[in-house]
S.K.: 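Structure below; questions to follow.
Chain naming here is simple, since letters A, B, ... match the order of the sequence lines and numbering starts at 1 in each.
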Amino acid sequence: MTGEPNDLRVHRLQKLEDVRASGVDPFKAKFDRDRLVSEIDTAYNAIEPEGRTGDLVRIAGRLMALRRHGKASFAELQDKTGRVQLYLTADALGEELYDTFLNFDIGDIIGVAGEVFKTKRGQLSVAVASYDLLTKSLRPMPEKWHGLKDVETRYRQRYLDLIMNPDVKETFIKKTRTIAILRRVLDERGFLEVETPMLHSIPGGAAAKPFVTHHNALDADLYLRIAPELYLKRLIVGGLERVYEINKSFRNEGISIKHNPEFMMLEAYQAYADYNDMMDLVETLINGVVEELAGSVKITYQQKALDFTRPWRRLTMIDAIKEYTGRDVSFAMSLQDIVAVAKELQVELQPHLGKGGVITEIYEKHVEHLIEQPTFVLDYPLETSPLARKKPDSPELTERFELIIAGREVANAFSELTDPQDQHARFEAQQANKAAGDEEAHALDEDYVIALEHGLPPTGGIGIGVDRLVMLVTDSASIRDVILFPQLKAKPAEE
RNA sequence: GGGCCGUUAGCUCAUCUGGUAGAGCAUCGGACUUUUAAUCCGAGGGUGGAAGGUUCGAGUCCUUCACGGCCCA
């Protein structure tokens, strides 16, 4: 073979043809396995070295290592639960089947049947009595020891990442469990899971730029939703009283360590409740996840200790600015004086901002990223909260909070604005901002105002960034590490 | 959008100030009946991200571009 084709894939294509020529289907329809690798480990790990069990097992998975030693060899088979060693001998299989097995490639998917035993070195193994090639692999696996590290390849070919890096698989299992826990807690509390449109005629429910698409038959532009909020509140108008949705929203903005254009959000709405109830709900939801996945309310995130012991700290935005910058701002000050503070703090300001907008900018630039422990930042300005109820005694503020953990917004909630006339006026104010250049100003949604005119009961609502929550419980530095296929620029396919 | 860093064999990485690219694993051939990053002998494998430029000579210096990472806006 020396001097023959040098491409690894050419070798494999040749092997594929050899398999076919021998009358064996290299892409089989199915294999009846009777257990998982982890079940073998659990059932037999206690046996003595060189102990035999007499139990035949049928397992299947990907061939991850092959150690050839003349007439007896070892291999490793990996299924979704782990790896087990295979032991192969020419005596047991016959020369021909033995040699055929040794000609398999790392990455091939095989099924085997054999007896469980332990080697004299104490390694639980399966002595292969028969085997089937189930899927021939035509491309090489990453290197066995260092694995797959190239970040771009890990994201673009996540399947390789999942094969090679067990902790990556564990992270995504935890993401699914997180969602299951959130569902369970809400279901137990009488919330109804619903699904609302992803395609919106008017994008609403958040301050964000939408993706635009087009419906051909209707000849109408539609927007991928930036939030499900306004539809969920329509359902509260409809008397469902407790609803939630866990699904994607889309925001046409920059990609960063904490932003992916499509992301998973939980939104829940509860009639006859306010934002204090939402604080209780979010503590319950997040602690449910943290305790179940981390086994404690104290976790480590990126070398920082986080303590989720309830109740979490509550701090108004004004007090937070005072605490983290040492500066006093208040609505009693003139806009000019507040702007002067912002300028001293090097905060860049858009010209249309009022007092509340400037205060929010100061908070976002100088405070939010410094808050590490779970903290409810309360009382957001009315100006930046067009869907939230006014605080009764402070008309410039709303009954709204964001939950900040490890410097990032994890949840956002408020007592919902139920007054349709106030809502309409807020939307109009947003249109003025839009005219002044605010690209994230909330759209005017008359249909939603009509829904409010039919009567939205007092309602508390909450949104939780599920990806960011999963980042915390999996100690992931980037949102891309908790999204199976994060957004990357398209790259021409190889070959 | 800006700054910094990266892109070399299938994978993980080397290649001091410019002198025609190396290792380990993987692959191919051979030896080996309890190995487990198996070992031993031998072999093949690179348009060094792309395109230009400087130079006698560029993976190395310069420019532009692509993709990725981190930070900032």
S.K.: Tell which nucleotide pairs with B:U60, taking only Watson-Crick or G-U wobble pairs whose two distances are both under 3.5 angstrom.
M.R.: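 With both distances under 3.5 Å required, B:U60 matches none.
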
S.K.: Rounding to an integer number of Å, can you tell me how far A:Leu66 CG sits from B:C25 P?
M.R.: 15 Å

S.K.: Under 4.0 angstrom, heavy atoms only, what part of the nucleic acid is A:Arg480 near: base, sugar-phosphate, or nothing?
M.R.: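 Contact class for A:Arg480: sugar-phosphate only.
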
S.K.: Side chain of A:Ser125, base of B:U34: donor and acceptor closer than 3.5 Å?
M.R.: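 Per atom types, no contact qualifies.
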
S.K.: Measuring to OP1 and OP2 of B:U27, would you say a side-chain N or O of A:Lys15 lies under 4.0 angstrom away?
M.R.: no

S.K.: Respond yes when some side-chain nitrogen or oxygen of A:Arg67 is under 4.0 Å from OP1 or OP2 of B:A38, and no when none is.
M.R.: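 Indeed, a polar side-chain atom of A:Arg67 lies that close.
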
S.K.: A:Lys489 side chain N/O closer than 4.0 Å to the phosphate oxygens (OP1, OP2) of B:C67?
M.R.: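 So the side-chain polar atoms of A:Lys489 do come within 4.0 Å of the phosphate oxygens OP1 or OP2 of B:C67, strictly under.
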
S.K.: Any base atoms under 4.0 Å from A:Arg68, or only sugar-phosphate, or nothing? Heavy atoms, all strands.
M.R.: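 The answer is base, as A:Arg68 lies within the cut-off (heavy atoms under 4.0 Å) of a base atom.
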
S.K.: Please state whether the phosphate of B:U12, meaning OP1 or OP2, lies under 4.0 angstrom from any side-chain nitrogen or oxygen of A:Arg154.
M.R.: no

S.K.: With both distances kept under 3.5 Å, what pairs with B:G6, Watson-Crick or G-U wobble?
M.R.: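 Matched B:G6 with B:C67 under the 3.5 Å cut-off.
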
S.K.: Using the six-membered ring wherever Trp is involved, compare the ring planes of A:Trp312 and A:Phe308 and label them parallel, tilted or perpendicular (cut-offs 30° and 60°).
M.R.: perpendicular

S.K.: With a 4.0 Å limit, can you tell me whether A:Lys144 has a side-chain N or O closer than that to the phosphate oxygens OP1/OP2 of B:A26?
M.R.: yes

S.K.: Taking B:G45 as the reference, what is the distance to B:A9 when you measure between their P atoms (whole Å, please)?
M.R.: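 To the nearest whole Å, 15 Å.
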
S.K.: At 4.0 Å (heavy atoms only), tell me whether A:Lys118 reaches a base, stays on the sugar-phosphate, or touches nothing.
M.R.: nothing

S.K.: Any donor-acceptor pair under 3.5 Å linking the side-chain atoms of A:Thr316 with those of A:Asp319?
M.R.: yes

S.K.: Look at all strands and tell whether A:Tyr155 reaches a base, only sugar-phosphate, or nothing, counting heavy atoms closer than 4.0 Å.
M.R.: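 If one applies the 4.0 Å heavy-atom cut-off, A:Tyr155 turns out to touch the sugar-phosphate alone, with no base involved.
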
S.K.: Students often get this wrong, so: under 4.0 angstrom with heavy atoms, is A:Gly254 touching a base, only sugar-phosphate, or nothing?
M.R.: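 Counting heavy atoms under 4.0 Å across all strands, no contact is made by A:Gly254.
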
S.K.: Would you say the side chain of A:Gln85 and the base of B:U35 hold a donor-acceptor pair, judged only by whether the two atoms sit under 3.5 Å apart?
M.R.: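 Flag set: donor-acceptor pair detected.
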
S.K.: Counting only Watson-Crick pairs (N1-N3 plus N6-O4 or O6-N4) and G-U wobbles (N1-O2, O6-N3), all under 3.5 Å, who is the partner of B:U27?
M.R.: B:A43

S.K.: Classify the nucleic acid contact of A:Asp91 as base, sugar-phosphate or nothing, counting any heavy atom under 4.0 Å across all strands shown.
M.R.: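 Contact class for A:Asp91: base.
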
